[in-house]
Number of protein chains: 2
Amino acid sequence: MEQRAAYLDRLIDVSAGDTGVAQALGGHREWRVRHRDDGIPALGRNQESRAPAQATGYEAFTACMGPRTLRRRLQSGENLYRSGDSLKSFYAVRSGCFKSLIADAEGREQVSGFFMGGDVLGTDGLATGRYASSAIALEDSTVDVVHCTTVERAAREHPVLQRRLLALVASETLKANGTLMLLGSLRARERLAAFLLNLSQRLRQNGESASDLRLRMTRDEIGSYLGLQIETVSRLFSAFRAQGLIDVHKKDVCILDFRGLEKVLRVRGRRQA
Amino acid sequence: MEQRAAYLDRLIDVSAGDTGVAQALGGHREWRVRHRDDGIPALGRNQESRAPAQATGYEAFTACMGPRTLRRRLQSGENLYRSGDSLKSFYAVRSGCFKSLIADAEGREQVSGFFMGGDVLGTDGLATGRYASSAIALEDSTVDVVHCTTVERAAREHPVLQRRLLALVASETLKANGTLMLLGSLRARERLAAFLLNLSQRLRQNGESASDLRLRMTRDEIGSYLGLQIETVSRLFSAFRAQGLIDVHKKDVCILDFRGLEKVLRVRGRRQA
DNA sequence: CGATACTTTGAAGTATCTCAATCCTTGTGG
DNA sequence: CCACAAGGATTGAGATACTTCAAAGTATCG
């Protein structure tokens, strides 16, 4: 499941004329890129499917990486980092899947996100210099490790990278806000529908099937993420199957009716505002 | 309610030796500062009460501001910016109070946060170049306007500022994650208790009373933020009063029993994990 | 002073949780 | 190969926290 490696072949042309933060950050503008010839093998597909407006800033990291990028393999269940560890590196998920956990003062834990190929982990450590969440592999996984001083240096030297970095960090807020919306104003069935559609979309962006998903997380973890009990999640899976929206066998989910799932989101919102 | 102006008199000494991102970002290190003598009047108290570890990065902005900083006044209900507007500036709240609104594809809106003196608004625009949320004044308010090119330039020239900026943007994620925790694993009474305690703490950091709060937002807005109906919020206020935890008269809340409120958070969490 | 917006309280409904039992899958050791 | 344990998933039945609907109270403002 090696993916997104096409970005390794790219380096943003830092000599591009740049004047305003807003313009450059938008990603709406075409970046002038040049081929990178530093010995990094061109793994993976050469897909251009990822929409620029949706870019997570992954490129900003791969662009910083030297020819001998540190790579780390993790087994399922292994911690990539723990909440409270001091920030040393950022991690670009290369293969596999992670969950991030946050905890409150009383020790309650909650899944705050799932990270798959192309996602970047660790940026929340920038706020205080210590990671605010823990990242745990949900299956055997690989990450590219980028030391934060490397990023720091690259960002300082190349304004464009600085912007990409800021965009990346800010996009974490956006993601969190999306989840916030999920928890704050959707009911259980809407949350699960949104979750499945989101997952499907991200897999498609990674060049995988949008309809046949293999869930890497347990029902419990889905429930924690969606603010629901495990039984509720299970019941909803069954209900969706009964309605012909999906097909489920344990962790294998097949989306049969995209329109129907989207309709779950449209029909009957909790608050009418 | 002019506050936090003490920061205007400070400018981070950019010549300070800086080597690692982690160290500098933490805010745990003492910053070498020098007095700024550029004609900015020293308004407000000279309080040093804000804990360094809690710093939101407000200083990073005030430090970028030139002697003739643009200031903007807003009336209650006025939009500071709207979701979709292209990012032009960041805003440091000087006086007053704001709410931020996010909306999903179906048009459902939700309050995603409240911003008071010392908070910075607009950073979520960094992700795409357009604000992802709307900011609306809850009372007559004043903000310092910092054009993003100004910040960009300052960050590029002064590595320390760059870090502070990154820390600020990342801290938005932390805030959102906190809210996420609230919505995902706390029950209604716990959410309101957490909300009140958080508000109290922030007011204290601004040098205001920690026990006598004047809520700037309506029950509806609190409900939207906490993922609750307005009636539930109202009932909980009444319940807290009946228990002697607080005193409420409309928007005036007096916290009578901090220990009791904190106990609401400790006792009986929803999930035992 | 009436209109409007916000708040409070009650009563009934229901979505979701909680408790409990069963089932399935996988791995382990006899 | 089978028995058994352990972790996860499913399903049912009852409890309840929160919503929804409804009505009335109270500020605020032109």
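A quick note: this is a predicted structure, and the numbers were derived from the prediction, not measured. Naming: A, B, ... by sequence-line order, numbering from 1 per chain.
Taking atom CG on A:L226 and atom C1' on C:dT16, their separation rounds to 14 Å, with Å as the unit. As rounded to whole Å, 12 Å separates atom P of C:dC6 from atom CZ of B:R219. Rounded to whole Å, atom P of D:dA27 lies 13 Å from atom NZ of B:K251. The distance from atom CG of A:D252 to atom P of C:dT25 is 12 Å, rounded to the nearest whole Å. Atom CD in B:E221 sits roughly 11 Å away from atom C1' in C:dC6 (whole-Å rounding). Remark: P of D:dT28 and NZ of B:K250 are 9 Å apart, rounded to the nearest angstrom. Rounded to an integer number of Å, the gap from B:I222 CD1 to D:dC18 C1' is 17 Å. What separates CG of B:L215 from P of C:dA5 is a distance of 21 Å, to the nearest Å.
Salt bridge status for B:R72 with B:D144: absent, with no side-chain N to carboxylate O gap under 4.0 Å.
In this structure, B:Y225 has its ring center closer than 6.0 angstrom to the ring center of B:F114.
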Validation: residues 246-262 of chain A side-chain donor-acceptor distances under 3.5 Å, sequence neighbours left out:
residue	atom	partner	partner atom	Å
A:D252	OD1	A:R214	NE	3.1
A:D252	OD1	A:R214	NH2	3.4
A:D252	OD2	A:R214	NH2	3.0
A:D257	OD1	A:R259	N	3.3
A:D257	OD1	A:G260	N	2.8

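Applying the salt bridge (charged side-chain N to carboxylate O under 4.0 Å, His left out) definition to pairs two or more places apart or across chains, none involves residues 222-246 of chain A.
Less than 4.0 Å separates DNA chain C from at least one heavy atom of each of the following residues of residues 231-248 of chain A: A:E231, A:T232, A:R235.
Of the possible polar contacts, one joining the B:S112 side chain to the B:S100 backbone as a donor-acceptor pair under 3.5 Å is found.
Between B:Y131 and B:Y91, the ring-plane angle classifies as tilted under the 30° and 60° cut-offs.
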